[in-house]
Amino acid sequence: LTVGVQTWGTDVPALERYWKAADDLGYARITYGDGLGDWTHDGWAMLGALAVLTRRARIGPAVTYAFDASSHHPSWLAKRAVAVDHLSGGRLDLRLAVGAEDAAAARSWAAHGIRYAAAGTRIETLEESVRVVRGLWQTHHGFDHRGPRYELRGARLGPAPVQRPGPPIWIAAMGPRALAVTARCADGWEASYLSPADFTMRWQRLSTLLRAEGRAVDSFPRSVELDAIVTEAGGPLDPLIDRFCAARSIERGHPLLGTVLAGDGAAIAERMADYEAAGATDLMLGFADFPSTGMLEAFAASVLHGRSPAS
């Protein structure tokens, strides 16, 4: 079970400190959010900085979007990914998502004039975008593609990525149609804020789909995105949970709290074992005190290099 960290925000000096600390402490992955909200800079520009400030960790967007040409055209997405793959020496993972299913998400994209189609259409466009991206990475003498949304004729993309045949493509998927696309064309799967029982249920569904596609199941990477609240051994947890709820504008009974890794190193290691038993191979953690490095460091000392299954 490997552990990575999620980052976001616009305080560049704080991000630089956090990225370097996470890399030095041995976290397996570091991601940065991509979007048009005020909680992030341009995701791909920041990934270039993340690439050159780190040496060991794999890096990439928390997720990026390819559900419409106006969010990320697949040709530009392929080109940007190659640049970050070179800047990082071959450490890029490309994580894609279809977008949230709520009216607020649709309004936020529409405010920028970006089409936010129905979920089925976004999923179909994502799958076609993956074919285009891979085709551009792997074809040296001109790539031809004719699909429902994109047509490319003799398209060339150089240089080639460092990783061959290309950086791994992960898909963040929760629903049946998105899981089916993941089984057909992804190199890894990411879920978000699920309990171990819910993760097991979706992994079993995805496993069945992978077998139907003739793909290996045991070696297929699967990750879950979670929040983490880390205390010292015997330290008080309730005030930190209250602070977390206030920051998220949720009540104590909110379902999200059931997915948070909370407590000291021993308690968190036990909870991580539940996710490993549920089928997860990777955890992507958002520490509650970010951009402070306190919990990042405490987790590394007590779990990463302590008695956790991730050690």
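Atom set for the values below is all heavy atoms of this structure, side chains included, hydrogens, waters and symmetry mates excluded. None of these values were measured; they are calculated from a predicted model.
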Q: Each residue besides Trp109 in its hydrophobic cluster should be listed here, by chain and number; the cluster joins Ile, Leu, Val, Met, Phe, Trp and Tyr at side-chain heavy-atom distances under 4.5 Å.
A: Leu36, Val63, Tyr65, Phe67, Ile114, Tyr116
Q: Is the closest side-chain heavy-atom distance between Cys245 and Leu257 below 4.5 Å?
A: yes
Q: What I'd like to find out is whether the side chain of Val12 reaches to under 4.5 Å of the side chain of His41, using heavy atoms alone.
A: yes
Q: Let me confirm one number: the OH-OG1 distance from Tyr32 to Thr40, rounded to the nearest 0.5 Å.
A: 3.0 Å
Q: Could you list the residues that satisfy side-chain hydrogen bond (donor to acceptor under 3.5 Å, both in side chains) with Arg222, not counting sequence neighbours?
A: none
Q: Just jot down the salt bridge (Lys or Arg N to Asp or Glu O under 4.0 Å) partners of Asp238, sequence neighbours excluded, or say none.
A: Arg252
Q: Under the side-chain hydrogen bond (donor to acceptor under 3.5 Å, both in side chains) test, which residues partner Arg115, sequence neighbours left out?
A: Asp68
Q: Testing the basics here: between Ile30 and Ala22, what is the closest heavy-atom pair and its distance to 0.1 Å?
A: CD1-CB, 3.8 Å
Q: Please round to the nearest 0.5 Å and tell me the distance separating atom CG of Leu210 and atom CG of Asp218.
A: 10.5 Å
Q: Is it true that a side-chain atom of His254 and a backbone atom of Ser249 form a donor plus acceptor pair closer than 3.5 Å?
A: no
Q: Show the nearest heavy-atom pair for residues Arg205 and Pro176, with the distance to one decimal.
A: NH1-CG, 3.9 Å
Q: Within the side chain of Gln6, is there an N or O that forms a donor-acceptor pair under 3.5 Å with the backbone of Met284?
A: yes
Q: Hydrophobic cluster membership, with links at side-chain heavy-atom distances under 4.5 Å among I/L/V/M/F/W/Y: are Ile250 and Leu237 in one?
A: yes
Q: Would you sort out whether Leu206 and Phe220 count as a side chain to side chain contact (heavy atoms under 4.5 Å, CB included), showing the intermediate values?
A: CA-CA 10 Å; Leu206 179 55; Phe220 191 83; 4.1 Å; yes
Q: Just by modelled atom types, is the Tyr18 backbone N or O under 3.5 Å from a matching donor or acceptor in the Thr293 side chain?
A: no
Q: For Ala62 and Gly33, work out which heavy atoms get closest and say how close.
A: CB-CA, 4.1 Å
Q: Could you state the interatomic distance from CE (Met272) to CG (Leu226), rounded to the nearest 0.5 Å?
A: 10.0 Å
Q: When you measure from the side chain of Arg134 to the backbone of Cys185, do you find a donor-acceptor pair of N or O atoms at a distance under 3.5 Å?
A: yes
Q: Val5 and Leu25: same hydrophobic cluster, using ILVMFWY side-chain contacts below 4.5 Å?
A: yes
Q: Does atom CD of Glu232 have more than 12 heavy-atom neighbours from other groups under 6.0 Å away?
A: no
Q: Identify, with sequence neighbours excluded, every residue that meets side-chain hydrogen bond (donor to acceptor under 3.5 Å, both in side chains) alongside Arg17.
A: none
Q: What heavy-atom pair brings Lys79 and Gly158 nearest, and what distance separates the two atoms?
A: NZ-O, 2.6 Å
Q: Run the side chain to side chain contact (heavy atoms under 4.5 Å, CB included) test on Val224 and Leu283 for me, step by step, so that the C-alpha distance in whole Å, both residues' side-chain angles and the decisive distance to 0.1 Å come before the verdict.
A: CA-CA 5 Å; Val224 60; Leu283 301 181; 3.3 Å; yes
Q: Return the minimal non-hydrogen interatomic distance between Gly188 and Thr182, and the atom names on each side.
A: O-CG2, 4.1 Å
Q: Indicate, with yes or no, if Val162 and Val133 share a hydrophobic cluster defined by side-chain heavy-atom contacts under 4.5 Å among Ile, Leu, Val, Met, Phe, Trp and Tyr.
A: no
Q: Does the side chain to side chain contact (heavy atoms under 4.5 Å, CB included) test come out yes or no for Asp227 and Arg248, once each step is laid out?
A: CA-CA 11 Å; Asp227 289 303; Arg248 300 297 192 281; 3.1 Å; yes
Q: Write down the atom of Gly60, the atom of Leu92, and the distance for their closest heavy-atom approach.
A: CA-CD1, 3.8 Å
Q: Checking Asp23 against Arg91 for the salt bridge (charged side-chain N to carboxylate O under 4.0 Å, His left out) test, could you report, in this order, the C-alpha distance in whole Å, the side-chain angles of both residues, the deciding distance, and whether it holds?
A: CA-CA 12 Å; Asp23 193 45; Arg91 292 183 286 122; 5.1 Å; no
Q: Answer whether the closest heavy-atom distance between the side chains of Trp137 and Ile169 falls below 4.5 Å.
A: yes
Q: Suppose the criterion is ring pair (Phe, Tyr, Trp, His ring centres under 6.0 Å): which pairs have a residue in residues 230-249, not counting sequence neighbours?
A: none
Q: Rounded to the nearest 0.5 Å, what's the gap from OG1 on Thr10 to CG on Leu15? Could you check?
A: 8.0 Å
Q: Who pairs with Arg29 by salt bridge (Lys or Arg N to Asp or Glu O under 4.0 Å), at least two apart in sequence or on another chain?
A: Asp93, Asp282
Q: Checking Arg80 now: which residues fulfil side-chain hydrogen bond (donor to acceptor under 3.5 Å, both in side chains) with it, not counting sequence neighbours?
A: His72
Q: Examine distances only and state if a side-chain atom of Asp34 and a backbone atom of Gly43 form a donor-acceptor pair shorter than 3.5 Å.
A: yes
Q: Are more than 12 heavy atoms, taken from residues, nucleotides or ligands other than Arg56, located less than 6.0 Å from that residue's CZ atom?
A: yes
Q: Could you note down all residue pairs passing salt bridge (charged side-chain N to carboxylate O under 4.0 Å, His left out) where residues 150-179 supplies at least one of them, sequence neighbours left out?
A: Arg146-Glu151, Glu151-Arg153
Q: Test your reading of the model: is there a side-chain donor-acceptor pair from Thr259 to the backbone of Pro255, 3.5 Å cut-off?
A: no
Q: Who are the salt bridge (Lys or Arg N to Asp or Glu O under 4.0 Å) partners of Glu124, not counting sequence neighbours?
A: Arg149
Q: Could you please spell out the steps behind the side chain to side chain contact (heavy atoms under 4.5 Å, CB included) verdict for Leu77 and Leu96?
A: CA-CA 11 Å; Leu77 188 60; Leu96 301 173; 3.8 Å; yes
Q: So, Arg202 side chain and Met174 main chain: donor-acceptor pair closer than 3.5 Å or not?
A: yes
Q: For a 4.5 angstrom cut-off between non-hydrogen side-chain atoms, does Thr125 reach Glu128?
A: no
Q: Rounded to the nearest 0.5 Å, what separation is found between the CD1 atom of Ile229 and the CZ atom of Phe299?
A: 13.5 Å
Q: Considering only residues two or more places apart or on different chains, which pairs with a residue in residues 146-198 satisfy ring pair (Phe, Tyr, Trp, His ring centres under 6.0 Å)?
A: His73-Tyr150, Trp189-Phe199
Q: For Leu261, is there any backbone N or O sitting under 3.5 Å from a side-chain donor or acceptor partner on Arg271?
A: no
Q: I'd like to check Leu209 versus Glu213 (side-chain heavy atoms, cut-off strictly below 4.5 Å). Are they in contact?
A: no
Q: Would you call Pro61 and Trp44 a side-chain contact if the rule is heavy atoms closer than 4.5 Å?
A: yes
Q: Output yes when a side-chain donor or acceptor of Ser129 lies under 3.5 Å from a complementary backbone atom of Ala66, and no otherwise.
A: yes
Q: Using a cut-off of 6.0 Å, state whether more than 12 heavy atoms not belonging to Asp38 lie near its atom CG.
A: no
Q: Is a side-chain donor or acceptor of Thr139 paired with a backbone partner of Leu136 at a separation under 3.5 angstrom?
A: no
Q: State which residues pass ring pair (Phe, Tyr, Trp, His ring centres under 6.0 Å) with Trp8; sequence neighbours excluded, sorted by chain then number.
A: Phe290
Q: Rounded to the nearest 0.5 Å, what separation is found between the OG1 atom of Thr31 and the CG atom of Leu285?
A: 10.0 Å
